[in-house]
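Scroll down for the structure; my scribbles are underneath it.
Each ligand, and each atom within it, is numbered from 1 in the order the structure gives.
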Amino acid sequence: MADTAHFGSRQVPLEDKQALVDDVFHSVARRYDLMNDLMSLGLHRAWKNALVMAVNPPKNLPFALLDIAGGTGDVAFRVIGKGGAATRATVCDINAAMLDVGRERAAALSLGAAVTFAEANAEALPFADKSFDAVTIAFGIRNVPRIDQALAEAFRVLKIGGRFLCLEFSTVDVPGLDRLYDFYSFNVIPTLGRVVAGDAESYRYLVESIRRFPSPQAFAAMLRAAGFARVSFQSMTGGIVALHSGWRL
Ligand code: SAM
């Protein structure tokens, strides 16, 4: 049987998934940041701040970050804000519409040469081996068809001693919160998507893709299989999100 992948709750041929995902983000790019605030009630800011704290860019040394599936640049801009004058971030994303919004935001923030944008697939990164001090991916990995290839690529471009951090939706494990979360996810979010972004379907995909993502324990095993050491994860907000970490040692 040909390889398949989850696209939300559907099984699709593996080679079809990326184009379907690209349509979703092409459709929502202009409203993406507003929708993030509305859908997460602003919580995505706290989750991203936890990621940036873990990246911990130094104030007085050069530091190179690669943010994979970086979209409109949110994580990269936050790392640049926390780091010193020699902090550089590369935002890599497969979707030109998301990167266009990111470039506009970077210009409005006058980030200049601190940030660069690269249109590329997480499964085949156009960067040299061992070229980044840290590699991040926030709410991106579940969209990638071949997760093991993307993890291998993240490992390859990380310097020895560098850290990989992945923020992703996870498994809600608080009784009561799980039912509330289900109701919110399957009713409120698609409605918000329809009203604000004119696209309920894309937001239904996003919710369904969250449910299909491996448990944090299973994802930690995938990080180890990719070669990462000292693999750990931290659940946040009752398990809505987990911050995964691994080192290249
Ligand atoms: N990291 C950003 C954030 O947290 O705001 C954006 C996250 S958005 C939910 C997911 C992003 O993953 C989209 O911008 C999409 O284009 C990107 N993406 C999907 N598949 C990808 C791939 N194979 N390689 C690189 N980026 C990909």
Do any nitrogen or oxygen atoms of Ala122 come within less than 3.5 Å of a nitrogen or oxygen of ligand 1? yes

Parallel, tilted or perpendicular, judged at 30° and 60°: which one describes the rings of Phe139 and Phe169? tilted

Short N-O contact, Arg30 and Glu104, less than 4.0 angstrom: yes

Considering only heavy atoms from C-beta outward, does the side chain of Leu206 approach that of Tyr203 to under 4.5 Å? yes

Applying a strict 4.0 Å limit to heavy atoms, is Ala120 in contact with ligand 1? yes

Of the protein's non-hydrogen atoms, which lies at the shortest distance from atom 8 (S) of ligand 1, and what is that distance? Tyr32 OH, 3.3 Å

Considering only protein heavy atoms, which is closest to atom 26 (N) of ligand 1, and at what distance to one decimal place? Ile94 N, 3.4 Å

Indicate yes or no: does an N/O atom of Ala138 lie under 3.5 Å from an N/O atom of ligand 1? yes

Could you report the tightest heavy-atom contact between Phe228 and Arg248, atom names first, then the distance? CD2-N, 4.4 Å

When only distance counts, is Thr72 in polar contact with ligand 1, meaning an N/O pair under 3.5 Å? no

Correct closest heavy-atom pair for Pro190 and Ser185 would be CD-O, 3.1 Å

Min heavy-atom dist His44 to ligand 1 below 4.0 Å: no

At under 4.0 Å between heavy atoms, is it the side chain or the backbone of Phe139 that contacts ligand 1, or both, or neither? both

Under 4.0 Å from a heavy atom of Asn121: give me the atoms of ligand 1 that qualify, with their elements. 22 (C), 23 (N), 24 (N)

Is Val21 touching ligand 1 with its side chain, its backbone, both, or neither, if touching means heavy atoms under 4.0 Å apart? side chain

Note, Phe233 side chain near Gln217 side chain (heavy atom, < 4.5 Å): yes

Could you name the option among His26, Met98, Gln18 that has the heavy atom nearest to atom 20 (N) of ligand 1? Gln18

Is a side-chain donor or acceptor of Glu123 paired with a backbone partner of Gln149 at a separation under 3.5 angstrom? no

Please write down residue, atom name and distance for the protein heavy atom closest to atom 12 (O) of ligand 1. Ala69 CB, 3.3 Å

Determine whether Glu168 and Phe213 make a side-chain contact, defined as any pair of heavy atoms from C-beta on separated by less than 4.5 Å. yes

Which atoms of ligand 1 have any heavy atom of Lys48 under 4.0 Å away? 3 (C), 4 (O), 5 (O)

Asp22 N/O to ligand 1 N/O under 3.5 Å: no

Judged by heavy atoms only, the candidate from Ile137, Leu99, Asp93, Val28 nearest atom 17 (C) of ligand 1 is Asp93

When you compare the side chain of Val101 with that of Tyr32, does any pair of heavy atoms fall below 4.5 Å? no

Atom indices of ligand 1, in the order listed, that fall short of 4.0 Å to a heavy atom of Asn95: 16 (O)

Give a yes or no answer on whether the side chain of Asp178 reaches the backbone of Asp173 with a donor-acceptor pair at less than 3.5 Å. no

